[in-house]
Amino acid sequence: MSEASMAHGESAESRSELDVARDEFRAEVLAAGLLVDAGQPGLYGRSGLFDDLVDAVRSHAARQYSDQHAERLRFAPVISRAEFEKTDYIVSFPQLSATVNGFFGTPAEHEKLVAARAEGQAWDSWLSPAETALVPAVCHPLYERLRGTLPEGGRTFDLTGFCFRHEPSRDPMRLQVFRMQEFVFAGDAAAARSFRDDMCQRQIAGLRLLGLDAQLVAANDPFFGRTGRFLARNQIADEAKLEVVVKIYGDLDEGTAVASANQHGDHFGTAFDIKNPGGTPAHSACLGWGLERIVLALIRTHGTNVDSWPAAVLTELRLGARPQ
């Protein structure tokens, strides 16, 4: 059932078992104080314990790739509009995108805005696009920084940060604002493919060490429109996108992706003029770990009382004695 139908008062009896399971899990994590309702579907505050778990998962993910000696970079969750446009995200996923607007008007226009607000009318028509957009994928701010010629053997990066995707849902596994840990490689085509395939196996193994029943599946992104359906079919056929899924709600659905392994081809190399030493456009690949999703999968699997989690999981996450 859609969020819209819930908002219009659809009866509880008409909701599916999956809807009920999602609502029950949401109520459970809210009652435990792990997440805090922030007033809109998919928007939450995080408790200190929840944030500790995110940090532990991030560190656990980084340890799976420690021998790659990745360069660590951190970017803000806002990207320049020019760079955002070069990614083509707005073309493929307009339904998930968000740009930043600001007020650039005159004092007279500001008075009209305030008057409209006081009367309960829409006031955002007095705002205009700023030169920024919200980051939908942690790797997007990286590519402009790679413009030019890469060294022999390419480069590998460790990126962490917040992302935004306009995808409101009551399912606590589907947040509008969330953190990703990404490991990105840019170099020649064969090396990028090998990186994606080899590092994906570490991804699965790392998640299974945490007691998650992680399974690898070929997947596609939610491309928009008729052309998007064609792109999605090609993405699955080429196995350009792999997802690691966990059955959060048992057999009620096919599982929720908590991590992904993506092969970009030369898309970003061409868009941002990133070249290999021979002058060909660089290829790129990334391994994404959904940090909040993994933490929630752990909570769903092991319970809301972290102290009662299996000792092997706590050891793997390096969670020792914590302040109460």
Would you compute the distance between atom [atom1] of [X] and atom [atom2] of [Y] and round it to the nearest 0.5 angstrom?
| X | Y | atom1 | atom2 | result |
| --- | --- | --- | --- | --- |
| Ile294 | Leu207 | CD1 | CG | 5.0 Å |
| Leu317 | Leu209 | CG | CG | 10.0 Å |
| Asp266 | His283 | CG | NE2 | 4.5 Å |
| Tyr44 | Leu296 | OH | CG | 9.0 Å |
| Leu287 | Met199 | CG | CE | 7.5 Å |
| Phe50 | Leu53 | CZ | CG | 7.5 Å |

Main-chain N/O of [Y] paired to [X] side chain as donor or acceptor, under 3.5 Å:
| X | Y | answer |
| --- | --- | --- |
| Arg170 | Asp23 | no |
| Arg26 | Pro172 | no |
| Ser66 | Ala62 | no |
| His264 | Ala192 | no |
| Thr280 | Asn276 | no |
| His267 | Thr87 | yes |

- prompt: Take atom CD in Gln121; do more than 12 heavy atoms of anything else shown fall under 6.0 Å from it?
  reply: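 More than 12 within 6.0 Å, yes.
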
Query raised in the report: Is it true that atom CH2 of Trp126 has more than 12 heavy atoms of other residues, nucleotides or ligands lying nearer than 6.0 Å?
Result: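 Atom CH2 in Trp126 is packed in, count exceeds 12.
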
Hey, are the side chains of Leu34 and Thr304 touching, using non-hydrogen atoms and a 4.5 Å cut-off?
yes

- Message: As a test of understanding, state which of Phe84, Phe272, Tyr89 forms a ring-ring contact (aromatic ring centres under 6.0 Å, His included) with His140.
- Response: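 Result for ring-ring contact (aromatic ring centres under 6.0 Å, His included) with His140: Tyr89.
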
**Prompt:** Under 3.5 Å, is there a donor-acceptor pair between the Ser260 and Glu243 side chains?
**Reply:**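 No, because no side-chain N or O of Ser260 sits under 3.5 Å from a partner of the opposite role on Glu243.
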
| request: Could you please spell out the steps behind the salt bridge (Lys or Arg N to Asp or Glu O under 4.0 Å) verdict for Arg63 and Glu316? | output: CA-CA 10 Å; Arg63 288 194 293 275; Glu316 192 64 40; 5.1 Å; no

Q | Note: Glu109-Lys112 ion pair, threshold 4.0 Å (strictly below) | A |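 Lys112 and Glu109: not salt-bridged.
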
Handout entry: Ring-face cation of Arg300 near Phe25 (centre distance under 6.0 Å, axis angle within 45°)
Key = yes

With clusters defined by side-chain heavy atoms of hydrophobic residues (ILVMFWY) lying less than 4.5 Å apart, directly or transitively, does Ile204 cluster with Leu298?
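Hydrophobic grouping puts Leu298 with Ile204.
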
Only residue of Gln68, His69, Gln181 satisfying side chain to side chain donor-acceptor pair (under 3.5 Å) with Asp158 is Gln181

